[in-house]
There are 2 protein chains.
Amino acid sequence: MSNCCDKREEIFRAALELIAEQGFHGAPMAMIAERAGVAAGTIYRYFENKDALIVDLFHEIDDKIGAVIMQDYQQAKPLRERFHHIFTTLARYFVKHPLHFRYIEQFHNSPYGVEFKRDILQRKTGDCHIYRDLLEEGVAQQVIKDLPMPILFALAFGPLKVVVRDHILGFVALEDELIDKLMAACWDGIRR
Amino acid sequence: MSNCCDKREEIFRAALELIAEQGFHGAPMAMIAERAGVAAGTIYRYFENKDALIVDLFHEIDDKIGAVIMQDYQQAKPLRERFHHIFTTLARYFVKHPLHFRYIEQFHNSPYGVEFKRDILQRKTGDCHIYRDLLEEGVAQQVIKDLPMPILFALAFGPLKVVVRDHILGFVALEDELIDKLMAACWDGIRR
DNA sequence: CGAGAGCGAATGATCGTTCACTCCGATTGT
DNA sequence: ACAATCGGAGTGAACGATCATTCGCTCTCG
């Protein structure tokens with residue numbers, strides 16, 4: 001079987017680059033194959049079809065981000081410090097991996113994304129627990145405004161999404177210092 | 001020439017519905033034509049091609065929103081009241097016209113959208129003047145945090161975008177009372 | 001020599017766009 | 001007043017391009 005996982009990685013990388021930069025339209029299987037250095041048919045030895053490739057790649061990225069967040073997350077620290085950690089870690093990850101951010105955006109703004117969001121909010125699965133628990137705890141302690149969870153979520157992380165997008169498109173330079181200021185402003189938005 | 005503009009309206013309506021609900025993939029010209037009650041070829045009597053149809057429809061919607069915002073906008077009022085007006089008018093418009101919101105989202109998350117955003121930030125054209133002037137005035141008066149414009153923009157309107165999306169997908173019920181609370185929280189985010 | 005990884009031309013489906021044609025109200029000629 | 005003619009809106013079958021997917025073949029190990 002030689003190095004069977006090498007090609008799978010290459011296909012992932014090629015799909016990530018093309019889809020993140022051009023969207024799903026601009027990423028035909030033939031082009032993904034070419035950039036990965038394999039033949040078109042080879043992709044189907046590793047993935048059932050294009051949909052499976054797209055969904056698998058999303059979960060790969062999503063898991064990696066979850067792992068990075070959890071890596072230095074300390075449940076014992078005060079609320080605001082935990083928020084600081086999550087926010088800045090997320091921001092720095094996206095700045096460091098713009099293709100991951102763009103891919104996630106493409107994914108969420110597509111038929112795949114809607115189905116995925118339904119799963120999250122209904123089955124309450126995945127690593128959104130961390131964010132939600134944090135906010136709920138803040139509400140219980142009367143540190144954070146008493147608003148519905150989706151509203152708090154939007155206030156806490158909505159601006160980050162917009163700003164990272166602007167950063168990648170070159171409209172702002174998202175330095176560490178600016179990330180801190182943005183985080184502080186979002187905290188002002190959700191705190192009582 | 002009979003009622004020449006009737007068909008154009010029908011094509012707009014059909015394209016809006018299909019693209020807002022299904023995305024650009026799910027809206028082939030043949031289907032738009034069918035829903036508009038015209039033949040496929042007829043669309044090309046009113047629009048040069050699909051791209052032109054999409055861009056024209058976007059500007060139609062964009063202009064309408066701009067008009068609604070400006071309708072009761074009073075330059076003389078205090079900063080915070082003007083922010084209140086813009087924010088709640090926008091929110092209510094999107095709640096009332098979910099298809100318009102979805103279409104704008106689809107548009108912005110596509111090759112069209114990027115080109116469009118470049119135009120806005122470089123040529124400084126269009127009705128974004130209002131938002132920007134408001135924020136800049138606030139910064140000058142030291143009422144609003146001294147942050148780069150894209151950051152302030154994201155803080156002021158980023159959460160709204162996320163919440164409206166959640167509202168349309170049925171994850172929150174965006175009543176007038178909740179809009180006010182959301183607006184207040186966003187104001188907390190940008191004010192000094 | 002056999003199994004299976006890898007290949008890539010061929011297939012069938014989809015979609016944007018075209019164009020030769022129809023239809024009908026307006027205009028002109030008688 | 002009527003017939004002949006015209007112009008252009010509207011049509012939809014057909015075309016060509018694109019794409020995901022397949023499958024019979026080759027080539028390489030073990």
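Lettering of chains follows the sequences in order, A, B, ..., and the numbering in each one begins at 1. Hydrogens, waters and symmetry mates are skipped; everything else that's a heavy atom, side chains included, is used.
If you take CD1 of B/Ile43 and P of D/dG12, they are 13 Å apart, rounded to a whole angstrom. The separation between B/Lys50 atom NZ and D/dA17 atom C1' is 15 Å, rounded to whole Å. Rounded to whole angstrom, the span from the CD1 atom of A/Ile54 across to the P atom of D/dC19 amounts to 14 Å. At whole-Å resolution of the value, CZ in B/Phe24 and C1' in C/dC15 are 16 Å apart. Atom P of nucleotide D/dA9 and atom CG of B/Asp6 are separated by 15 Å, given to the nearest angstrom. When the P atom of D/dT21 is taken as reference, atom CG of A/Asp51 falls 7 Å away, rounded to whole Å. Distance, B/Asn49 CG to C/dC15 C1': 14 Å, rounded to whole Å. Remark: P of D/dA20 and CD of A/Glu34 are 14 Å apart, rounded to the nearest angstrom.
Ranking D/dG8, D/dT21, C/dA5 by closeness to the A/Arg45 side chain, first place goes to C/dA5. Of the candidate nucleotides C/dT17, D/dC19, C/dC7, C/dC7 has the atom lying nearest to any side-chain atom of A/Thr42. In this structure, of D/dA20, C/dG6, C/dT17, it is D/dA20 that holds the atom nearest to the side chain of A/Tyr44. Considering only the side chain of A/Ala39, C/dC7 comes nearest among C/dT17, C/dC7, D/dG12.
Using modelled atom types, no side-chain atom of B/Lys145 and backbone atom of B/Arg192 make a donor-acceptor pair closer than 3.5 Å.
Ring planes of A/Phe87 and A/Phe83: tilted class, angle from 30 to 60°. Below 30°, between 30° and 60°, or above 60°: for B/Phe47 and B/Phe12 the angle between ring planes is between 30° and 60°, a tilted geometry. In this structure, A/Tyr103 and A/Phe107 have parallel ring planes: the angle between them is below the 30° cut-off, well short of the 60° mark.
Neither OP1 nor OP2 of D/dA9 sits under 4.0 Å from any side-chain N or O of B/Tyr46.
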